[in-house]
Each structure stands twice: as C-alpha cells, then as structure tokens.
Amino acid sequence: MKIILVAGARPNFMKVAPVWRQLIKTPDVFEPVLVHTGQHYDDQMSQIFFRDLHLPEAHYQLNVGSGSHAYQTAQIMMGFEEVLLSERPDWVVVVGDVNSTLACAIDAAKLQIPVAHIEAGLRSGDRSMPEEINRLMVDAISDLLFAPSTQACDNLKREGIGNRRIHFVGNVMIDTLFLLAVKADESRILDAHDLSVGEYVFLTLHRASNVDCQDTLRGILSALQILQSACPIAWPLHPRTRYRLSQFGFLPSVEQMDNIKLIDPVGYLDSLKLQKNAKFAMTDSGGVQEETTALGVPCLTLRENTERPETIKIGTNTLVGVRPERIVAEAESVLNGHYKTGRLPDLWDGKTAERIVALF
Ligand code: UD1
Ligand code: UDP
C-alpha cells in the first residue's frame with residue numbers, strides 16, 4: 001500500500017513523524033512517500049525538525065514558499081497534482097489545518113485518491129480564522145477522519161459526517177512528545193539564554209488575528225512590558241511576528257525591554273525543553289496549548305477561542321483573550337502561585353500513530 005504523507009509547515013512535522021515511523025516498521029505492507037510542500041522553508045522552521053525528529057529527507061520538495069492564501073494554496077495544488085499523477089498512491093494522509101493540508105486534500109479528492117485527515121474535527125467556531133476554513137473543507141472531503149478527542153468526533157457528526165468515516169485515535173503530536181521528552185532534557189537552550197528552571201515565561205505568538213492587527217499586537221506588547229519586569233520572558237519569534245513587529249515599528253521598543261529574550265525560532269527539542277522548565281507559557285499556538293497540557297505546565301492562551309477545548313476542561317490551559325489588563329491579571333495570578341493543575345486527556349498515550357496505521 002503506497003501512502004503519501006504530506007508536511008508543509010512547522011507543526012506538521014511533529015504530526016507526520018510518528019506515522020512515518022509506524023509505517024516503516026512493516027515495509028512488506030506499506031510504502032510511505034514523504035512530500036514537503038515548502039510552505040515553511042527557513043532552516044529553523046523546517047530542516048531542523050527533520051534532524052530533531054529523525055525524519056528522512058522528503059522524497060518530493062515542492063518549494064512553494066510564501067504568498068497570499070490563494071497563491072500559496074494554488075501553487076501547492078499544482079505541484080502536488082504532478083506528484084499524485086506520477087506516484088498514484090493508495091492513500092494521501094494530511095495533518096492539521098494549514099494551507100498545505102487543504103491544497104493536498106483537494107488534489108487527492110479530485111483525482112479520486114482516498115484522503116485521510118489526522119487531527120480531524122477540531123473546531124474553534126470562528127470562521128475568520130483561516131485554519132477553521134481549512135479544517136471544515138478538509139474534513140468534508142476526507143474518507144478517513146482521525147479525531148484526537150471525543151468532542152472532535154461529535155463536531156464531525158454534527159456536520160453530517162457518517163460514523164464509519166470517523167475514528168477516535170487520540171493525539172498524534174503527543175506521540176512525538178513522549179518519544180522525545182527525555183532527549184529534550186539534553187538541550188542547552190536555557191544556558192544559551194541565561195534562563196533558570198521555573199523562573200521564566202515561555203511565549204509564542206504567530207496567529208494572524210494577533211500579530212497582523214497593529215492594535216491587538218500593541219495591546220499584547222503593553223502587557224508584556226509590565227510582566228517582564230516581574231519575570232523574564234523567553235520568546236522565540238515566528239517569522240510572521242518578526243515581520244509585523246518590524247513593519248509596525250514595534251521591534252526597537254521590544255528589544256529594549258531588559259527581561260524579554262527574543263530568540264530565533266527554536267527546534268523541537270529546544271521548544272520542549274523551554275516548555276517543560278517554564279513557570280508557565282503564554283501562547284496562541286495550537287500545538288503549545290496541547291504540549292503544556294501533556295507536560296502539566298500552566299498555559300495562558302492569548303485568544304478568544306480555541307479548537308482544543310479539552311486542554312481547558314481537562315488540562316492546564318486557560319483562555320485569557322487579548323485584552324492587556326486581563327493578560328496581566330491572569331499572568332500575575334500564576335506568578336503568585338494560583339494556577340490550575342490538569343490531567344492527560346483520553347488517548348494522549350503515545351500510541352496514536354499505532355492506532356492510525358492499524359486502520360489502513
Ligand atoms: C502557518 C499556518 C498556521 C500555523 C503556522 C505554524 C496557514 C494558513 N497558516 O502560518 O495555521 O499555525 O503556519 O507556524 O497555513 N516565513 C518565513 N520563513 C518561513 C516561513 C514563513 O520567513 O520558513 C514568513 C513569510 O513572510 C510568510 C509568513 O512568514 O509570509 C507567514 O507564513 P505562512 O506559512 O503563510 O503562515 P504562518 O503564519 O507561518
Ligand atoms: N515550536 C518549535 N519552535 C518554536 C515554537 C514552537 O519547535 O520556536 C513547536 C511547538 O513545540 C509545537 C509546534 O512547534 O510542537 C507548534 O507549532 P506552531 O505554534 O508553529 O503552530 P500551531 O500549532 O499553532 O499550528
């Protein structure tokens with residue numbers, strides 16, 4: 001059975017790696033083919049994850065690069081269609097909710113090649129979010145829907161998707177976390193940035209609704225200015241965010257905040273090390289909301305909604321929105337020792353890829 005695995009952007013690599021590892025265990029049954037769309041392309045947004053996760057070089061690199069949603073999606077569709085026509089796989093597996101996920105799912109569906117979606121059924125309910133459009137579209141045309149939670153299964157059923165297509169398999173990203181959590185302890189990232197265990201905040205921001213809007217970003221920065229005087233903030237800067245900070249003229253003032261450590265985007269092992277040892281995390285990332293829940297580290301999510309409600313109901317995540325007063329109040333409360341503890345959601349057990357591959 002020839003199975004094409006598609007990866008394009010940073011969070012995809014952590015979701016593809018466990019499935020890749022599981023497929024290559026039985027070479028007489030599966031022939032996996034890895035396709036990288038090139039949506040993310042900087043070494044620190046792409047190649048470093050191949051090294052950290054021990055992924056082989058992709059069989060196909062489409063090199064699409066950046067652009068508007070329509071341009072990027074169309075470029076991926078044109079490149080991936082050629083791959084499908086020459087490889088004629090039995091299945092195409094897409095992960096997550098990025099533009100690469102959508103483009104490749106559409107290509108496959110139109111060529112009548114079965115599509116499997118890993119991380120199906122997540123819904124923020126917010127259609128101004130480009131990822132929400134991608135989720136809805138991909139789930140509508142996928143043949144196999146691998147859901148990470150029972151709520152995700154319910155979301156799919158509510159949209160009229162038949163039970164037979166839906167499988168509750170757990171969270172594949174947590175397979176990668178369990179595999180590499182100990183290895184991550186070897187990372188030297190804390191020393192490199194003069195950070196002490198339990199005495200800093202880990203921050204990531206890249207959501208378009210937060211960083212592309214000048215007023216929202218200004219508000220978040222005003223909260224960070226106050227917080228950094230109480231606790232150092234380690235902030236690996238996503239390229240979208242660096243670009244916006246610079247375009248809006250905010251970068252010099254952030255660079256002048258003594259206790260904010262601006263870092264280039266870090267690899268997966270460094271990211272885990274930073275999360276594991278943080279006092280708490282502040283983020284708008286989907287993956288970081290999940291990883292902090294898995295690690296038992298408090299997380300404040302700077303968004304109005306989340307497609308990962310189990311991290312709030314069961315895990316350590318709190319949705320705080322983007323109003324500066326609320327961000328400061330919630331962060332100070334954690335700094336003063338008031339934070340919720342959580343437990344692992346169902347099937348966050350490191351065996352999700354095993355369950356997925358058993359269903360092909
Ligand atoms: C994308 C995904 C988002 C995901 C995020 C993970 C979509 C719609 N968005 O957002 O869901 O959470 O990846 O990180 O698919 N850039 C570089 N170097 C790179 C990659 C990007 O400089 O290697 C810059 C470019 O200026 C580009 C911008 O970042 O225009 C945004 O990249 P893009 O892939 O379009 O969206 P992300 O914000 O990364
Ligand atoms: N991550 C990383 N380096 C960073 C920031 C995040 O390796 O500098 C990891 C993080 O640990 C998680 C994934 O990237 O595994 C999340 O990706 P991202 O936040 O880019 O996208 P999202 O999950 O929001 O789609």
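Of the possible polar contacts, one joining the Asp175 side chain to the Ala353 backbone as a donor-acceptor pair under 3.5 Å is found. Side chain of Gln75 to main chain of Val64: no donor-acceptor pair is present (N/O by atom type, distance under 3.5 Å, no hydrogens or angles). Panel note: side chain Lys276, backbone Ala181; a donor-acceptor pair is recorded below 3.5 Å. Looking only at distances, no side-chain donor or acceptor of Asp97 sits under 3.5 Å from a matching main-chain atom of Asn134. Counting only distance, with no hydrogens or angles, the side chain of Thr26 and the backbone of Val29 share no donor-acceptor pair below 3.5 Å. The backbone N or O of Thr293 sits nowhere less than 3.5 Å from a side-chain atom of Thr311 that would complete a donor-acceptor pair. The closest donor-acceptor contact from the side chain of Asp143 to the backbone of Val115 lies under 3.5 Å. In this structure a side-chain-to-backbone donor-acceptor pair under 3.5 Å is missing from Glu87 to Leu84. Checked by atom type and distance alone, the side chain of Thr292 never pairs as donor or acceptor with a backbone atom of Pro298 at under 3.5 Å.
Looking at Thr318 and Glu330, their side chains never bring a donor and an acceptor atom within 3.5 Å of each other. With no hydrogens or angles considered, no side-chain donor-acceptor pair links Asn99 and Gln39 at under 3.5 Å.
The environment of Glu57 atom CD is sparse: at most 12 non-hydrogen atoms of other residues, nucleotides or ligands sit within 6.0 angstrom. The number of heavy-atom neighbours closer than 6.0 Å to CE of Met137, taken from other residues, nucleotides and ligands shown, is 12 or below. By the neighbour-count criterion of 12 heavy atoms within 6.0 Å, atom CZ of Phe50 is densely surrounded, having more than that number from other residues, nucleotides or ligands.
A 4.5 Å side-chain heavy-atom check between Ile327 and Ile220 finds at least one atom pair inside the cut-off. For the pair Leu300/Val201, no side-chain contact is recorded, criterion being any heavy-atom separation below 4.5 Å from C-beta on. Considering only heavy atoms from C-beta on, Val169 stays 4.5 Å or farther from Leu347 through its side chain. Residues Leu302 and Arg207 form no side-chain contact, since every pair of their non-hydrogen atoms from C-beta on lies 4.5 Å or further apart. Residues Arg10 and Val98 form no side-chain contact, since every pair of their non-hydrogen atoms from C-beta on lies 4.5 Å or further apart.
Heavy-atom minimum distance, Met129 versus Ser124: SD-OG, 3.6 Å. Between Glu290 and Trp348, the shortest heavy-atom contact is O-CZ3, 3.3 Å.
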Exercise for the section: Any chance you could lay out the side-chain hydrogen bond (donor to acceptor under 3.5 Å, both in side chains) test for Ser271 and Gln275, step after step, and finish with the verdict? Expected result: CA-CA 6 Å; Ser271 176; Gln275 288 181 68; 3.2 Å; yes
Practice task
Walk me through it: do Phe13 and His40 pass the test ring pair (Phe, Tyr, Trp, His ring centres under 6.0 Å)?
Solution key: CA-CA 11 Å; Phe13 307 122; His40 285 173; 7.8 Å; no
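Here Lys110 does not pair with Glu81 in a salt bridge; the nearest charged N to carboxylate O distance is not below 4.0 Å. With respect to the salt-bridge test (charged N to carboxylate O, under 4.0 angstrom), the residues Glu132 and Arg135 qualify.
Listed by chain and residue number, Arg51 satisfy the salt bridge (charged side-chain N to carboxylate O under 4.0 Å, His left out) test with Asp43 (two or more places apart in sequence, or in another chain). Remark: Arg21 engages no residue in a salt bridge (charged side-chain N to carboxylate O under 4.0 Å, His left out) (not counting sequence neighbours).
Partner of Trp235 under the side chain to side chain contact (heavy atoms under 4.5 Å, CB included) criterion, out of Leu274, Thr204, Leu205: Leu205 alone. Checked options Gln151, Gln289, Arg123; the residue passing with Pro309 is Gln151 (criterion: side chain to side chain contact (heavy atoms under 4.5 Å, CB included)).
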